[in-house]
Student: 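Let me give you the structure first, and then I'll get to my questions.
Atom set for the values below is all heavy atoms of this structure, side chains included, hydrogens, waters and symmetry mates excluded. Because the structure is predicted, anything quoted here is derived from the model rather than measured. In the text below, chain A, chain B and the rest are named by the order of the sequence lines, each starting its count at 1.
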2 protein chains.
Amino acid sequence: MTKTNRSVERSMDILETVSDLGVCTLGFLAQQTALPKPTVLRICKTLVDRRWLSQSKNDKRYRIGPRFPRMETTPGLIDALVESGSTAIVELSAATGLGVDLAASIGEGRLEIVDTTRQFALHGIFPDCVGYRPSPFRSALGCVFLAALDTETRVRCTARLAATLTGSDRAAAMEFPRKVDDIRTKGFAVREKGYWGRAVDYGGVPTAISVAVRSGDKTVGAISLVWLAEQYETGTIVEKYLHRLQKTAQVIGAQLAAEHPQLLLPSM
Amino acid sequence: MTKTNRSVERSMDILETVSDLGVCTLGFLAQQTALPKPTVLRICKTLVDRRWLSQSKNDKRYRIGPRFPRMETTPGLIDALVESGSTAIVELSAATGLGVDLAASIGEGRLEIVDTTRQFALHGIFPDCVGYRPSPFRSALGCVFLAALDTETRVRCTARLAATLTGSDRAAAMEFPRKVDDIRTKGFAVREKGYWGRAVDYGGVPTAISVAVRSGDKTVGAISLVWLAEQYETGTIVEKYLHRLQKTAQVIGAQLAAEHPQLLLPSM
DNA sequence: AGACTACGTTTCACCAGGTGGAACGAAAAT
DNA sequence: ATTTTCGTTCCACCTGGTGAAACGTAGTCT
């Protein structure tokens, strides 16, 4: 049987304690987890270095930090979106001959691909993309989704994401505000040069154009037309199929509103 | 300088990758983190055992699991509640001679204490409670807050919390549905016998009665009157001060609605 | 069919990395 | 002034984590 890692278990004990009980002192954590204080100190220092925990300056108490990964899925949205959208994306895919991805909001301005019509044999691109979370600022899906949010929400999400992301994702976050107006007027987004997600795994380099899916006054997700970069120019696809893509997004949004009105209500 | 723990760093690398990119294979994780596959396998197995990651049966791909700690704070609510409520709780505390705690919703049916009037010299109880997250089902604050939510939200939060919590918190979660009606008709809650949070650190055993803070049609938090158990009977305090406690909760809710109406709007 | 590749997993000798009891100085409570 | 509790440092010990190599299997190419 595969072994497990004791240090990782201990770090989870500590994080669960802080997450459950809120702010904690070192001694209290040592007592709760039944670990010696030096061990807790070292693990907490590791977590603080990465901002998974943060420490107030005066007292040294620990609390959950700004870089701790956050998940805020509206419960049921993913299932509802798949239910309302799967036939529409299949029809769009058949009509265009291209792959179609459907992505749902998972909170904080992030998306997760929840359904796709991609087939390697038909489209020549990596098909196993369900569950994948496209980059918020570099992918077509991410950009068009953020651009479709109301200004206040977008600013908040952009700020939080910029604080969390690193490397070229962070750089893209800084550039993003300058791109928003362009995306909004054009009504669609394309992926940033140099960003391919994990499509390099196999298959050719994919290109995509994406539009947001809005339901009521809420932005609930986004859909993409995806094709092999070497086969078609982006301009050609936009000219031929953008209107149909936008139409499909509207249909999905309307159907979601009709079938699952409770998802669009306030939650608190 | 204090050392750090390499295994913990590696586990954070893995969790951040899965959180950022979504579903990942073992090999992909090994490549992203630049770690050997057996190392990634052992760490992932540790995380899967605790449900911080989960694995689909057919393909062995990893995704964030159901027990990964979730944080869903409405941004700004804590600050707004402190701003709208701090003078009101000071007045209540002065009028009653008891400690008063103010707690804010942090999502998923959880609360965090955001302000308090407790002073050890005056009330004889542990004063450093700000940041503390009372038990959802065992504390007075937690129970009254959950009971005040609309039925649908309460059922969803109860289910999710029951899946996450362990030990006596879990047992209390199973009992909770039977207590809801009683709390709603009485209009306040008391803590479960045997639950004292961390008050045992020092000071005497505290007792508390709590009421929910509602603003518009949303339940945004809760407030408590807290005293030393050996000094007064619960019945006495209820008789003398419950009405005043409820009045304070109403005042805070109304003030929050007046000063921060945007917090009560839908967010997506 | 056979060759090949890529996957997740097991093994095991090695030793770096993590460990924790003891001791420390500082701060707070008594 | 005394005691307690806090977070932190030290360091000898040795276990728990490591990772190259090998394995079985599943799927893909020729």
Side-chain angles (χ1 to χ4, degrees), chain A residues 1-14 18 23-49 53-63 119-121 124-128 198-204, chain B residues 1-14 17-18 23-49 53-63 118-128 198-204:
Chain A
M1 200 52 191
T2 314
K3 286 184 193 173
T4 57
N5 185 311
R6 190 177 53 161
S7 292
V8 174
E9 272 169 10
R10 291 171 165 189
S11 71
M12 287 192 283
D13 288 336
I14 290 171
V18 177
V23 65
C24 294
T25 65
L26 181 85
F28 178 76
L29 282 172
Q31 172 193 323
Q32 281 286 308
T33 56
L35 293 172
K37 280 198 288 180
T39 301
V40 176
L41 179 72
R42 283 189 297 263
I43 293 176
C44 284
K45 186 194 182 325
T46 313
L47 295 168
V48 167
D49 283 352
L53 288 180
S54 58
Q55 254 181 319
S56 42
K57 281 250 164 65
N58 357 343
D59 57 7
K60 303 278 191 105
R61 300 196 295 175
Y62 297 96
R63 64 187 65 227
Q119 291 177 253
F120 188 71
I125 44 179
F126 185 68
D128 294 341
R198 273 175 286 175
V200 286
D201 281 358
Y202 65 91
Chain B
M1 200 52 190
T2 315
K3 286 184 191 171
T4 57
N5 185 311
R6 190 177 51 162
S7 292
V8 173
E9 272 169 10
R10 292 171 166 189
S11 71
M12 286 192 283
D13 287 337
I14 290 170
T17 304
V18 177
V23 65
C24 293
T25 64
L26 181 83
F28 178 76
L29 282 172
Q31 172 192 324
Q32 281 285 309
T33 56
L35 294 171
K37 280 197 287 181
T39 301
V40 176
L41 178 72
R42 282 189 298 265
I43 293 176
C44 285
K45 185 192 183 327
T46 313
L47 296 167
V48 168
D49 282 352
L53 289 180
S54 59
Q55 250 181 321
S56 43
K57 281 251 165 58
N58 354 348
D59 58 7
K60 302 281 191 97
R61 298 197 296 174
Y62 297 95
R63 62 186 67 223
R118 298 189 194 197
Q119 292 178 252
F120 188 70
L122 284 180
H123 313 111
I125 45 178
F126 185 67
D128 295 339
R198 274 176 287 174
V200 287
D201 282 358
Y202 65 91

Student: In this structure, how many angstroms lie between the P atom of dG8(C) and the CD1 atom of Ile43(B), rounded?
Tutor: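 Whole-Å distance recorded here is 16 Å.
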Student: Whole angstroms only, please: what is the CG-P distance between Leu35(A) and dG18(C)?
Tutor: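 Nearest whole value for this atom pair: 15 Å.
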Student: Can you give me the closest heavy-atom contact between Leu53(B) and Ile14(B), atom names plus distance?
Tutor: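 In terms of heavy atoms, the two residues are closest at CD1-CG2, 4.5 Å.
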Student: Specify the separation, in whole Å, of atom CG of Leu29(A) and atom P of dG7(D).
Tutor: 9 Å
Student: Check Lys37(B) against Gly27(B) and note the closest heavy-atom contact, atom names and distance.
Tutor: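 Lys37(B) and Gly27(B) have their closest heavy atoms at CD-CA, 4.2 Å.
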Student: Which of the following nucleotides, dT9(C), dT8(D), dT19(C), is nearest to the side chain of Leu41(A)?
Tutor: dT8(D)
Student: With DNA chain C as reference, determine whether Arg61(B) or Thr4(B) sits nearer its 5' end, using the nearest nucleotide of each.
Tutor: Arg61(B)
Student: Looking at the base of dG16(D), is there any donor atom on it, or on the side chain of Arg42(B), that sits under 3.5 Å from an acceptor on the other one?
Tutor: no
Student: Measure from the side-chain heavy atoms of Pro38(B) and tell me the nearest of dG8(C), dG19(D), dT19(C).
Tutor: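 Selected nucleotide: dG19(D).
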Student: Hey, does Gln32(B) have a side-chain heavy atom less than 4.5 Å from the side chain of Asp13(B)?
Tutor: no
Student: Of the nucleotides dG18(C), dG20(C), dG7(D), which has the atom closest to the Lys60(A) side chain?
Tutor: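 Output: dG7(D).
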Student: Using the side-chain heavy atoms of Leu26(A), tell me which of these nucleotides is nearest: dG7(D), dG17(C), dG8(C).
Tutor: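 It is dG7(D).
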Student: So what is the end-to-end bend of the helix from dA1(C)-dT30(D) to dT30(C)-dA1(D), with 5 pairs used at each end and the value given to 10 degrees?
Tutor: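 Inter-axis angle at the termini of the helix from dA1(C)-dT30(D) to dT30(C)-dA1(D): 40°.
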Student: To the nearest angstrom, how far is Lys37(A) atom NZ from dT9(D) atom P?
Tutor: 13 Å
Student: Do you know which two heavy atoms are closest between Tyr62(A) and Thr25(A), and how far apart they sit?
Tutor: CD1-C, 4.5 Å
Student: Return no unless some side-chain N or O of Arg10(A) is found under 4.0 Å from OP1 or OP2 of dG20(C).
Tutor: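 Indeed, a polar side-chain atom of Arg10(A) lies that close.
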Student: Which comes earlier along DNA chain C counting from the 5' end, the contact point of Ser7(B) or that of Thr2(A), where each point is its nearest nucleotide?
Tutor: Thr2(A)
Student: About how many Å separate OG1 of Thr39(A) and CZ of Arg10(A), when rounded to the nearest 0.5 Å?
Tutor: 5.5 Å
Student: Counting side-chain heavy atoms from C-beta on, which of dT19(C), dT9(C), dT18(D) comes nearest to Lys3(A)?
Tutor: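 Given the options dT19(C), dT9(C), dT18(D), the side chain of Lys3(A) is closest to dT18(D).
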Student: Show the nearest heavy-atom pair for residues Ser7(B) and Asn5(A), with the distance to one decimal.
Tutor: OG-ND2, 3.2 Å
Student: I need the NZ-C1' distance between Lys45(B) and dT11(C), as an integer number of Å.
Tutor: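 In whole Å, dT11(C) C1' and Lys45(B) NZ are 17 Å from each other.
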Student: Would you say dG17(D) has OP1 or OP2 under 4.0 Å from some side-chain N or O of Asn5(B)?
Tutor: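 Indeed not, no polar side-chain atom of Asn5(B) lies that close.
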Student: In whole angstrom, what separates Tyr62(A)'s OH from dG7(D)'s P?
Tutor: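 From Tyr62(A) OH to dG7(D) P: 8 Å.
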Student: Restricting to non-hydrogen atoms, name the atom on Ala30(B) and the atom on Val40(B) that form the minimum distance, rounded to 0.1 Å.
Tutor: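 Minimum heavy-atom separation between Ala30(B) and Val40(B): CA-CG2, 3.8 Å.
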Student: Which nucleotide wins on minimum distance to the side chain of Thr39(B), given the candidates dT19(C), dG19(D), dG7(D)?
Tutor: dG19(D)
Student: Scan Thr46(B) against the nucleic acid and name what it touches under 4.0 Å (heavy atoms): base, sugar-phosphate only, or nothing.
Tutor: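 Touches nothing.
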Student: Looking at every non-hydrogen atom in both residues, tell me the closest pair between Lys45(B) and Thr4(A) and how far apart they are.
Tutor: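 For Lys45(B) and Thr4(A), the tightest heavy-atom pair comes out as CD-CG2, 4.0 Å.
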